[in-house]
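What follows is a single structure, written as structure tokens, with notes after it.
Below, chains carry the letters A, B, ... as their sequence lines are ordered, and counting in each starts from 1. Values below: every heavy atom of this structure, side chains too, minus hydrogens, waters and symmetry copies.
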2 protein chains.
Amino acid sequence: MPMNAPAFPLEALAPIDARPDRDSFTISDLCAEFSVTPRALRFYEDEGLIGPERRGTARIYSHRDRARLAWILRGKRVGFSLAEIREMIDLYDVGDGRSTQKQFTLERCLERIELLENQKRDIDAHITELQQFVELLKSSD
Amino acid sequence: MPMNAPAFPLEALAPIDARPDRDSFTISDLCAEFSVTPRALRFYEDEGLIGPERRGTARIYSHRDRARLAWILRGKRVGFSLAEIREMIDLYDVGDGRSTQKQFTLERCLERIELLENQKRDIDAHITELQQFVELLKSSD
DNA sequence: ATCGAGATTGACGTTCACGTAAGGGGAAGG
DNA sequence: CCTTCCCCTTACGTGAACGTCAATCTCGAT
């Protein structure tokens with residue numbers, strides 16, 4: 001959230017609907033849908049987070065690319081850096097690896113889950129604190 | 001979260017225990033307790049997030065300062081920028097303001113609460129997705 | 001008196017996640 | 001053919017949040 005942070009950078013994102021109407025998406029399609037800039041998508045590509053096909057030089061995003069983008073953005077919203085997100089993507093991609101690799105992947109996943117649950121606790125604490133303050137404001141008329 | 005992000009930047013932080021043994025804290029006391037650097041604390045001070053007393057030139061942190069620091073750090077962990085955190089601190093500090101001000105503050109608080117609840121939804125989605133992947137890993141022996 | 005540990009203030013450097021020109025290609029419409 | 005529009009790449013700039021020296025200062029202990 002650093003960067004050019006607006007007052008309220010996070011918005012609700014529906015669990016992503018399928019869009020069977022379309023077969024592929026342009027960069028501006030996805031930019032419009034997810035409220036990101038082309039620059040951001042190209043940056044994610046440079047960082048190895050996503051790899052759309054090309055028609056000539058133009059990027060063509062598949063449904064899978066679109067879903068992955070949604071996943072990336074949600075990862076960002078819950079506070080992961082792009083490096084961390086790529087790492088997680090890589091974990092997913094070694095699903096066919098050796099057993100020791102799989103064990104490693106599994107442990108990382110469990111760590112992440114614990115991390116996220118700690119974060120939920122932080123958020124709950126913040127929420128209750130804000131709610132108490134709201135009550136205080138309401139009562140002091 | 002940016003900056004020199006380690007693999008797992010977030011750690012559980014107990015709801016902060018009172019520490020009635022101490023009467024005040026030095027900068028390195030708080031640094032050790034909260035795992036931050038002196039540079040960070042001085043930076044927060046430059047940004048107006050905290051304002052400890054001085055004994056000569058040295059900073060003396062009170063219990064209130066310590067609690068505020070804990071609050072700041074939790075704010076960071078849930079994804080707020082320092083500017084946003086300071087804004088919230090300012091909101092708390094105008095509890096004696098006029099009615100219109102109070103109304104404004106109240107709306108901002110409610111917005112923030114909604115924001116945090118959206119974030120909780122994102123986190124839940126992420127968790128369930130990771131758990132599904134864990135199950136997949138476990139089952140593919 | 002001095003010595004080292006820990007405090008201070010600048011001031012410049014760094015990383016992340018893009019923003020922002022600057023310049024150019026290709027298709028479509030008038 | 002020229003303009004418009006959308007796409008591309010290259011490259012330098014930027015804001016947030018510190019890191020990292022460097023040069024003091026100060027205070028308790030030897």
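No side-chain donor-acceptor contact under 3.5 Å links Arg19(A) to the backbone of Arg22(A). Between the Glu114(B) side chain and the Glu111(B) main chain, no donor and acceptor come within less than 3.5 Å of each other. Of the possible polar contacts, one joining the Arg54(B) side chain to the Thr57(B) backbone as a donor-acceptor pair under 3.5 Å is found.
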Atom pairs, N/O to N/O, protein against nucleotides 11-14 of chain D, distance under 3.5 Å?
none

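One can place CD1 of Ile27(A) at 16 Å from C1' of dG26(C), the figure rounded to the nearest angstrom. For the pair Arg77(B) CZ and dA17(D) P, the interatomic distance rounds to 16 Å; values are reported in whole Å. As rounded to whole Å, 16 Å separates atom P of dC6(D) from atom CG of Leu30(A). What separates CG of Leu82(A) from C1' of dA17(C) is a distance of 6 Å, to the nearest Å. Rounded to an integer number of Å, the gap from CZ of Phe80(A) to P of dA17(C) is 13 Å. In this structure, Glu45(A) atom CD and dC8(D) atom C1' are separated by 11 Å, rounded to whole Å. Nucleotide dA7(C) holds its C1' atom 11 Å from the OH atom of Tyr61(B), rounded to whole Å. In this structure, Phe43(B) places its CZ atom 17 Å from P of dC12(C), rounding to the nearest Å.
Of the candidate nucleotides dC7(D), dA17(C), dA7(C), dC7(D) has the atom nearest to the side chain of Thr26(A). Counting only heavy atoms from C-beta on, Arg42(B) has its side chain closest to dT8(C) among dA16(D), dT8(C), dC18(D). Here the side chain of Lys76(A) is nearest to one of dT9(D), dC6(D), dC18(C), namely dC18(C).
For the pair Tyr44(A) and dC18(C), the criterion of a side-chain N or O lying under 4.0 Å from OP1 or OP2 is met. Look at Thr37(A) and you won't find any side-chain N or O under 4.0 angstrom from OP1 or OP2 of dC18(C).
Side-chain contact between Leu49(B) and Leu82(B) is present, with at least one heavy-atom pair separated by less than 4.5 Å. Between Arg66(A) and Glu33(A) the shortest side-chain heavy-atom distance falls below 4.5 Å.
The side chain to side chain contact (heavy atoms under 4.5 Å, CB included) search around Glu117(A) returns Ile113(A), Ile127(B), not counting sequence neighbours. Listed by chain and number, the residues in a side chain to side chain contact (heavy atoms under 4.5 Å, CB included) with Ser24(A) are Ile60(A) (sequence neighbours excluded).
Judged as a ring-ring contact (aromatic ring centres under 6.0 Å, His included), not a single pair has a partner in residues 39-62 of chain A (not counting sequence neighbours). For the salt bridge (Lys or Arg N to Asp or Glu O under 4.0 Å) condition, the pairs that include at least one residue of residues 126-135 of chain B, sequence neighbours left out, are Arg74(A)-Glu129(B).
The stretch residues 46-60 of chain B touches DNA chain C through Arg54(B), Thr57(B), Ala58(B), Arg59(B), each having a heavy atom within less than 4.0 Å of the strand.
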